[in-house]
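Everything below concerns the one structure shown next.
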Protein chains: 2
Amino acid sequence: MGASKIIDYTEEQILVAKYAKALSHPARMAIMQLLLSKHSCICGDIVDELPISQSTVSQHLKELKEAGLIRGQIDGVSICYCINEPEWSKLTELLGHFFEKRHVKTNSCC
Amino acid sequence: MGASKIIDYTEEQILVAKYAKALSHPARMAIMQLLLSKHSCICGDIVDELPISQSTVSQHLKELKEAGLIRGQIDGVSICYCINEPEWSKLTELLGHFFEKRHVKTNSCC
DNA sequence: ATCATTTATCGTAATATTACGATTGATATG
DNA sequence: CATATCAATCGTAATATTACGATAAATGAT
């Protein structure tokens, strides 16, 4: 009968979902925008910019780091965060590819 | 001292986070890809395609519907789902804008 | 009217997320 | 060395997510 009952999700689906999840909270979006907007890196200023506590910001930073989207480097007593350029390129390419070229025509049923 | 302690997240941050969250699970990515790939709508075939139960698929469909990304229309005993074109355009525009033009140069600290 | 099919919803359990304050560990400065 | 500062981690609580089976509601077929 049905052609293809999939066994599992594709690598692409898993990867895009991972990136999407990393960006699925306003605080993490705000952090990424901050890091993208500054030409130099930011440290604990992030905490000052966000409307949440230091520990919560740290948690969000950890998630972004684990997703590979940002990196941190010790700079004296502070830590300097910035975009992880190679991974960010991968993300933009993937999402760009996914969200740009799709042209949906109005379908018959909806 | 610090210039701008933000009161709350921006509309854009909240909106992109919302879309990202909708796409933050492989099952929902798979559903979106299915709907994007078919030129006509899909119904309960989605259930057959995914490696999860019918009730779980229905839950994911509900989330995508609540995010505004898909629509469903009754078609006899089945329900036909498809991309919600206007909202999808908004998403692609937003994400396209966000992920395309950003050019990150290697920063000083990381 | 009865039965089968399709999809949504309910109930529930396991796990993850989000947030905070308190604490710890590291580095700088007095 | 003592103290202040910065950021991560711990402990904890509240809430959300994910998944399933069972059930319900709606439609189509017999």
Side-chain angles (χ1 to χ4, degrees), chain A residues 1-2 5-9 13-14 17-32 34-35 41-67 69-82 109-110, chain B residues 1-2 5-9 13-14 17-32 34-35 41-67 69-82 109-110:
Chain A
M1 297 262 220
K5 171 76 176 179
I6 69 170
I7 309 290
D8 208 355
Y9 305 111
Q13 284 158 0
I14 291 168
K18 188 192 82 167
Y19 289 142
K21 187 171 188 179
L23 300 173
S24 71
H25 192 286
R28 294 194 288 271
M29 278 302 303
I31 291 170
M32 292 303 288
L34 256 176
L35 295 182
C41 293
I42 319 204
C43 329
D45 299 320
I46 300 170
V47 172
D48 295 331
E49 297 270 356
L50 299 200
I52 48 179
S53 76
Q54 180 264 319
S55 58
T56 304
V57 169
S58 190
Q59 223 172 260
H60 285 301
L61 286 169
K62 191 181 177 189
E63 279 183 75
L64 289 171
K65 224 186 319 178
E66 281 170 356
L69 299 185
I70 66 174
R71 290 185 302 152
Q73 189 158 47
I74 297 169
D75 177 26
V77 78
S78 307
I79 296 193
C80 182
Y81 281 100
C82 64
C109 61
C110 317
Chain B
M1 305 236 207
K5 171 75 174 179
I6 67 170
I7 309 289
D8 208 355
Y9 304 112
Q13 284 158 0
I14 292 169
K18 188 192 82 169
Y19 288 143
K21 187 171 188 179
L23 300 173
S24 72
H25 192 287
R28 293 194 288 272
M29 279 300 304
I31 291 170
M32 292 303 288
L34 256 176
L35 296 182
C41 292
I42 319 207
C43 330
D45 298 321
I46 299 171
V47 172
D48 294 331
E49 297 270 356
L50 298 200
I52 48 180
S53 75
Q54 179 264 319
S55 58
T56 304
V57 170
S58 190
Q59 226 172 256
H60 284 302
L61 286 169
K62 191 181 177 188
E63 280 183 73
L64 289 171
K65 225 186 320 179
E66 281 170 355
L69 299 185
I70 65 174
R71 291 185 301 152
Q73 190 161 48
I74 297 170
D75 177 27
V77 79
S78 306
I79 296 193
C80 182
Y81 281 101
C82 64
C109 61
C110 316

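Just so it is clear: chains get the letters A, B, ... in the order the sequence lines come, proteins before strands, and each one is counted from 1.
- Side-chain contact between A:Y19 and A:L69 is present, with at least one heavy-atom pair separated by less than 4.5 Å.
- The nearest heavy atom of DNA chain C to A:D75 and to A:S24 marks one nucleotide each, and the one closer to the 5' end goes with A:S24.
- Per the geometry, CD1 belonging to B:I79 stands 11 Å off C1' belonging to D:dA25, to the nearest Å.
- Considering only heavy atoms from C-beta on, B:H60 stays 4.5 Å or farther from B:I46 through its side chain.
- Between the side chain of A:Q59 and the base of C:dA19 there is at least one donor-acceptor pair of N/O atoms closer than 3.5 Å.
- Straight-line distance from the NZ atom of A:K62 to the C1' atom of D:dA8: 8 Å, rounded to whole Å.
- Remark: A:K21 is in phosphate contact with C:dT17, judged by side-chain N or O atoms under 4.0 Å from OP1 or OP2.
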Legend entry - Step-by-step side-chain contact (heavy atoms from CB on, under 4.5 Å) determination, B:M29 to B:L23: CA-CA 6 Å; B:M29 279 300 304; B:L23 300 173; 4.0 Å; yes
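- Side-chain N/O atoms of A:H60 include one lying less than 4.0 angstrom from OP1 or OP2 on C:dA19.
- The nearest whole Å value for the distance from the CG atom in B:D48 to the C1' atom in C:dT7 is 13 Å.
- Atom CD of B:Q54 and atom P of C:dA8 are 7 Å apart (whole Å).
- One finds no side-chain N or O of A:S55 lying less than 4.0 angstrom from the OP1 or OP2 phosphate oxygen of C:dG21.
- Between B:T56 and the phosphate of D:dA19, there is no side-chain N or O to OP1/OP2 separation shorter than 4.0 Å.
- The CD1-P distance, from B:I74 to C:dA8, rounds to 9 Å in whole Å.
- Closest-nucleotide positions on DNA chain D for A:D45 and B:E63 were compared, and the one nearer the 5' end corresponds to A:D45.
- Close to D:dC6, at under 4.0 Å from its OP1 or OP2, lies no side-chain N or O of A:Y81.
- By the neighbour-count criterion of 12 heavy atoms within 6.0 Å, atom CD1 of A:I14 is densely surrounded, having more than that number from other residues, nucleotides or ligands.
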